[in-house]
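Note sheet for the following structure.
Both ligands and their constituent atoms are indexed starting at 1 by order of listing. Computation of the quantities below employed the complete heavy-atom set of this structure, encompassing side-chain atoms and omitting hydrogens, waters and symmetry-equivalent molecules. Heads up: numbering here begins at 1 and tracks the sequence. These numbers come from a predicted model, not from an experiment.
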Amino acid sequence: MTIAERISDSLIDRLSDKTLLQTDSFVDGAWMSGERRFDVSNPADNSVIASVGDVGEAGAHQAVAAAARAFETWKKVSPFQRAALLMKWHKLILENLDDLAAILTTEMGKTLTEAKGEILYGAGFIEWSAEEGKRIMGETLTPPFPNSRGWTLHQPIGVVACITPWNFPNAMITRKCAPALAAGCTMVIKPAPETPLSALALAELAKRAGIPDGVFNVVCGDAQKIGPVLTGSSEVRMIGFTGSTPVGKLLMRQAADGVKRVALELGGNAPFIVMDDADLDAAADGVVASKFRVSGQTCVSANRIIAQPAIADALIEKLKERVDALKPGNGFEAGSDLGPLIHHEAVERVDALVRSARDSGANIIAGGAPLVDELGGAFYAPTLIEGGSPDMDLACFEIFGPVASVYRVESEADIVKLANDTPYGLAAYIYTRDINRVHRLSEALEYGMVGVNAPMVGSFSSPFGGMKESGIGREGGKWGVEEFTELKWVILGGIDQ
Ligand code: ADP
């Protein structure tokens, strides 16, 4: 099949560099097609945009074997040389920003502005990790034995397999593989079946950057077949995953047999707390940024807006103005604020949550219905709800859609209790101008990340990750690099002659 047969004209026409469009897996520096193919669709208009090869178990085995071979040399490459290669990759990503964003918007739906933002965010992890890889340091320790000296080494853990989601098809890959490659590990990535094209474009650029064969592999296909090869292989030393909590638990169980390290970024149920002394305009802007970014499909999206009763009505009024002004639409159209959800099942799921909230007595103040017929894709109206109970499904499950729901709670103790009353513990937000409340609340919240008067918690320089069933491990910053290393202790005896 030629590229034109595998990719729709609408996508090909948008790109200045059409060779970024790859539809086969990338194994040991070469493209591998596989036995069958699967379709990738554009959620904004339901059109099929590409037919991608599924390499299945055989391809996964080959990718792991290639990564294991490549590890033997990559781990010995100087961190400075690894950094130089990562920076070449970084440069190529920035040079191809527009094309990468167009691919991302077409397969995932987020607006072009959001897609460009994601690619810059993703590239930031590469630059940071390239620098940080040069600063992996051990320590000299004092052993309690005579005639001896001791020191520690941080060595690359080995082959890392990462399974990534569709909501950040670029950045969830770079956030894992940049620190891993910088530390000297080699990678097998299995991207989400909804968004393989962004992963394969990254592979094309990695190849052009000169990252050696086998160091960075991407295998596309059936997760149920590929997943067990990755978790079951004795050559894979670590599983990295971003996705749903049930799949994270499954991978952790599978990885347990080989006692592999796991780094899991799972679901969330973020409380967004607005105290009565908050700057309400900043809080309302913060809710919109946290809740409606990527149409609410991020694991750190505000899920429950908890407001003190004294300011709840005023906050709801400000939110309504802002939500009414949001314009859903095709991510390529200028003026679109929100793209579609990832597919029609997601629209159904979000709508079922909203309907059950309405049935249990909540008031729909804005939106509250699918826009599939009006806009021709998997769209859902930006929605604002109030008056529901904190034990309804909308408050207990991760919404993953553009639905903001406000709950009124009076005392600080009850706010903390409600905020923590969930198996999740990823991100929480607090809006207040009282410094004592900042300390009390940020310490009491059982969450891995707390934004105080700040709606964004993720960055390449800070630790991203959750407590409880939201995950294990941290990505980003020096912690993100450390995750991919083993700490080794070396003791030298008999040094006195
Ligand atoms: P979502 O429901 O939002 O798609 P998932 O957790 O199902 O979230 O998907 C995240 C990633 O996990 C995707 O790459 C998907 O293909 C992969 N995945 C799903 N099921 C499995 C599985 N049983 N084993 C390994 N990977 C899986």
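Taking atom 23 (N) of ligand 1 as the reference point, the nearest protein heavy-atom neighbour is L250 CD2, 3.3 Å. Atom 7 (O) of ligand 1 has V247 CG2, 3.8 Å as its closest protein atom, hydrogens excluded (heavy atom only). The protein non-hydrogen atom at the shortest distance from atom 15 (C) of ligand 1 is K190 NZ, 4.0 Å.
The closest side-chain donor-acceptor pair between T113 and T111, if any, does not fall under 3.5 angstrom. Side chain to side chain, K176 and T242 meet the donor-acceptor criterion of an N or O pair below 3.5 Å. Side chains of S198 and E107: a donor-acceptor N/O pair is present below 3.5 angstrom, by distance only. Between the side chains of S462 and S459, at least one donor N or O sits under 3.5 Å from an acceptor N or O. Side chain to side chain, R6 and S51 fail the donor-acceptor criterion of an N or O pair below 3.5 Å.
Remark: atom 20 (N) of ligand 1 lies closer than 4.0 Å to at least one protein heavy atom. Protein non-hydrogen atoms do not reach within 4.0 Å of atom 2 (O) of ligand 1.
Distances from ligand 1 to the non-hydrogen atoms of N167 include no value under 4.0 Å.
Residue-to-ligand polar distances keep T242 apart from ligand 1: every N/O pair is separated by 3.5 Å or more. Geometrically, ligand 1 and W166 share a nitrogen or oxygen pair separated by less than 3.5 Å.
In the vicinity of P193, heavy-atom distances shorter than 4.0 Å reach the ligand 1 atoms 16 (O). Each of the following atoms of ligand 1 lies closer than 4.0 Å to a heavy atom of T164: 11 (C), 13 (C), 14 (O). Counting atoms of ligand 1 from 1 in the listed order, those under 4.0 Å from a heavy atom of I163 are 11 (C), 12 (O), 14 (O), 17 (C), 25 (C), 26 (N).
Applying side chain to side chain contact (heavy atoms under 4.5 Å, CB included) to V406 and the options L319, I385, I365 leaves one that passes, L319.
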Derivation and outcome, ring pair (Phe, Tyr, Trp, His ring centres under 6.0 Å), residues W89 and F216
CA-CA 12 Å; W89 195 24; F216 178 76; 5.2 Å; yes
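Figure legend: R349 and Y380 shown without cation-pi pairing, the cationic atom not lying both under 6.0 angstrom from the six-membered ring centre and within 45 degrees of its axis.
For the residues S244, P165, P196, A223, the heavy atom positioned nearest atom 24 (N) of ligand 1 is part of A223.
Contact annotation: for L251 versus ligand 1, heavy atoms closer than 4.0 Å belong to the side chain alone.
More than 12 heavy atoms of other residues, nucleotides or ligands sit less than 6.0 Å from atom CE of M467.
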